[in-house]
Number of protein chains: 2
Amino acid sequence: MVKITDVARHAGVSPSTVSYALSGKRPISEETRQRIEDSIRELGYRPHAGARALASSRSNVLALVVPLRTGIHVPVVMQFAVSVVTAARRHDHDVLLLTQEEGEDGLRRVADTALVDALIVMDVQLHDRRLPLLRALDRPSVLIGFPAEPAGLTCIDLDFKAAGELCVEHLAGLGHRVIGLVGSPPEVYVRETGFAQRVVQGFTAAADRNGLSSSVHPCEAAPAAARQVAEQLLRERPALTGVVVHNEPVLEPLIDAFESLGLRVPGDLSVTAICPDEVAEQTRVPVTSIAIPTAEVGTGAVELLMRKLGGATAVPEATLLSPRLTVRGSTMPRP
Amino acid sequence: MVKITDVARHAGVSPSTVSYALSGKRPISEETRQRIEDSIRELGYRPHAGARALASSRSNVLALVVPLRTGIHVPVVMQFAVSVVTAARRHDHDVLLLTQEEGEDGLRRVADTALVDALIVMDVQLHDRRLPLLRALDRPSVLIGFPAEPAGLTCIDLDFKAAGELCVEHLAGLGHRVIGLVGSPPEVYVRETGFAQRVVQGFTAAADRNGLSSSVHPCEAAPAAARQVAEQLLRERPALTGVVVHNEPVLEPLIDAFESLGLRVPGDLSVTAICPDEVAEQTRVPVTSIAIPTAEVGTGAVELLMRKLGGATAVPEATLLSPRLTVRGSTMPRP
DNA sequence: GCGTGACGTCGAAGCGCTTCGACGGGGGAA
DNA sequence: TTCCCCCGTCGAAGCGCTTCGACGTCACGC
């Protein structure tokens, strides 16, 4: 193994000079820097991560806690993970993968052993058990998602309330008067995952504001459940012309169900969804939708952490990303 | 931060004794060990990961390289990742997440900086560019998947050839004489991903062996493509009564297409698939299938690495997991 | 009764890097 | 010219842990 003293000897300087040339923490003459860089290249030097971590008390590793539970859309989780890793690399950091199963002990372990400098936690629930721990930990963290009491924590996510509103505004603007929300599985509401409830809030608020008649229907992630909800909607609200779907796996089956019940989309029924673009594009009728901006959220989370690690004083506690609605073929003016 | 010297002082022993008590590398009297453990608990001591890595030249971290490409089923990747993390934790290791995008440089970086002790690489292609590097690296690695030339590497995966064969044997045993394989998208074969080709090999070999008439049809991962393939199959092979599907997203649309073309599953057409159980179970007719044993593969990969890290001499180069076929409602004897 | 070895523990020497204080030399200000 | 300060570099002191060799003690065998 080639170490910093080897490089120093080869370049005719002291080890500390090599270190400063690498970190830029002190000025080094252009000429010396060049010589050092040449030596590094020639010898194939790589600083030892452990030694660096010990001496600098910085590991340059971030922890990412990913959820494992039912009712969450796996590809979206993966997208978050990838964007976090990519963003972290841009800041010369790596990412340690933790499963939610590890729970609070896992968080404490990687933080207390100084394995990681900071943490990113996904799938935060309204009353998440990890919150007190995250507040107490000596390393900074960022949550993807909003708990009920975000004070003292840094959170980032799509503004799901605004997303719910935006869907309604879109339908209202097209003249629809009776609309329904087909939501996530009941257990998602039960365990109080913030974003699902916030969609409902936005949906309801915007419907009221616009004087629309609206109703909300949780739905299991199965085709049969979709069919049931479709039938129920038509039975209870025959004047229905607009639907908002917040439940990825059910989007396609739901449209199928409506069509087989005699409603054409978008001719008789306009459909919008909150879901990844791939899901919205792969249905038989491409669906007007609001995507979860996984790349921005992941990148944003990392940027926030970097600012905190950099000692920034005022990092915003709440970062809500504005929803963007992409119009596709599934919505049209009320007939 | 509480360190080992604090524990030592508190327990009335020397730091080295604490270290040995923790690692078990030298005998420590029961009484002293107890005292040390008490002190550790009382003080809340956690060994510093960086210091440990520096002194022992072991980071207790594994790298996991996950694929990002089109044509691979994301939930399966996630399952691998989770099982790797879980297995690694059982051996007191953590997992660093690398994206394939980082490529060879990323592998070299984490290995050369001693950030990780060993590497797990997923989605290995037949002529993977990373193979020479993995052979040359000074840390052990395990591949999930088999390249064309696996000599000198440790590989583990489902035996896809046997899986292809098993599907055919199952259909042949039910009396089917004319069968087809609906495969992965053409690009998967083009980039020479081993497992797809091996399914074809197994399928063809078993069909020949059993005197069946067979044909192979790559298929894009889109409903429209599925429809096309279904039409083509019926046109070209009117006597077809058995189909093997190796293409997750197309399974459901393909069955839909067959049914809308007048073929009942399994009445007129028996269907088997190689896909995750969730996919096989969520179709309208549950599909007889061979699952990719993600948990075993992930765990197996970690076990192999641990043996290599433990200095085991003879770790098997190739580990092929036998396929298991789960019979569901989509296959029946030929009418 | 004494050599032998295993047991349990200690002290010291690093592991490879960062960082702090110091120091010589070369301006710019006074 | 003198003083001061900044620039560029060096040396040394750790960071917190593991590990090697050494040492005292005790039991055992002959």
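Judged by distance alone, with hydrogens and angles left aside, Tyr20(A) brings a side-chain donor or acceptor within reach of the base of dC20(C), the pair sitting under 3.5 Å. The base of dG8(D) lies outside donor-acceptor range of the side chain of Arg35(A), with no N or O pair under 3.5 Å. Residue-to-nucleotide contacts include a donor-acceptor pair under 3.5 Å from the side chain of Ser16(A) to the base of dG11(D). The base of dT9(C) lies close enough to the side chain of Arg26(B) for a donor and an acceptor atom to sit less than 3.5 Å apart.
For Met1(A) and dG14(C), the CE to P distance is 18 Å, given to the nearest whole Å. Atom CD1 of Ile4(A) and atom C1' of dG14(D) are 15 Å apart (whole Å). We find that CD1 of Ile36(B) is positioned 12 Å from P of dG8(C), with the value rounded to whole Å. At whole-Å resolution of the value, CG in Asp112(A) and P in dG16(D) are 14 Å apart. A straight line from CD1 of Ile28(A) to C1' of dC6(D) spans 14 Å, rounded to a whole angstrom. The CG-C1' distance, from Leu54(A) to dA13(D), rounds to 13 Å in whole Å. Between the CG atom of Asn60(A) and the P atom of dC15(D) there is a distance of 20 Å, rounded to whole Å. Atom-to-atom, NZ of Lys25(A) to C1' of dT18(C) comes out at 7 Å; the value is rounded to the nearest Å.
Minimum atom distance to the side chain of Pro27(B) is reached by dC7(C), of the listed dG8(D), dG16(D), dC7(C).
Distances shorter than 4.0 Å separate none of the side-chain N or O atoms of Lys3(B) from OP1 or OP2 on dC17(D). OP1 or OP2 of dC10(C) has at least one side-chain nitrogen or oxygen of Ser14(B) nearer than 4.0 Å. OP1 and OP2 of dG16(C) both lie 4.0 Å or more from every side-chain N or O belonging to Arg52(A). Residue Thr5(A) has no polar side-chain atom (N or O) positioned under 4.0 Å from OP1 or OP2 of dG16(C).
The distance from the CD1 atom of Ile144(A) to the CD1 atom of Ile156(A) is 7.5 Å, given to the nearest 0.5 Å.
Proximity of Val110(A) to Leu119(A): side-chain heavy atoms (C-beta onward) are separated by under 4.5 Å at one or more points. Between Cys155(B) and Glu317(B) the shortest side-chain heavy-atom distance does not fall below 4.5 Å. Annotation: side chain of Leu43(B) is in contact with side chain of Val7(B) (closest heavy-atom distance under 4.5 Å).
Residue Pro47(B) is classed as a sugar-phosphate contact, given heavy-atom separations below 4.0 Å to backbone atoms only. Heavy atoms of Ser19(A) sit under 4.0 angstrom from at least one base atom. Nucleic acid contact class of Thr32(A) (heavy atoms, under 4.0 Å, all strands): sugar-phosphate only.
The closest side-chain donor-acceptor pair between Ser29(A) and Thr32(A) falls under 3.5 angstrom. Checking Glu303(B) against His91(B) by side-chain atom types alone, a donor-acceptor pair falls below 3.5 Å.
With the nearest nucleotide of DNA chain C identified for both His48(A) and Glu31(B), Glu31(B) has the one nearer the 5' end.
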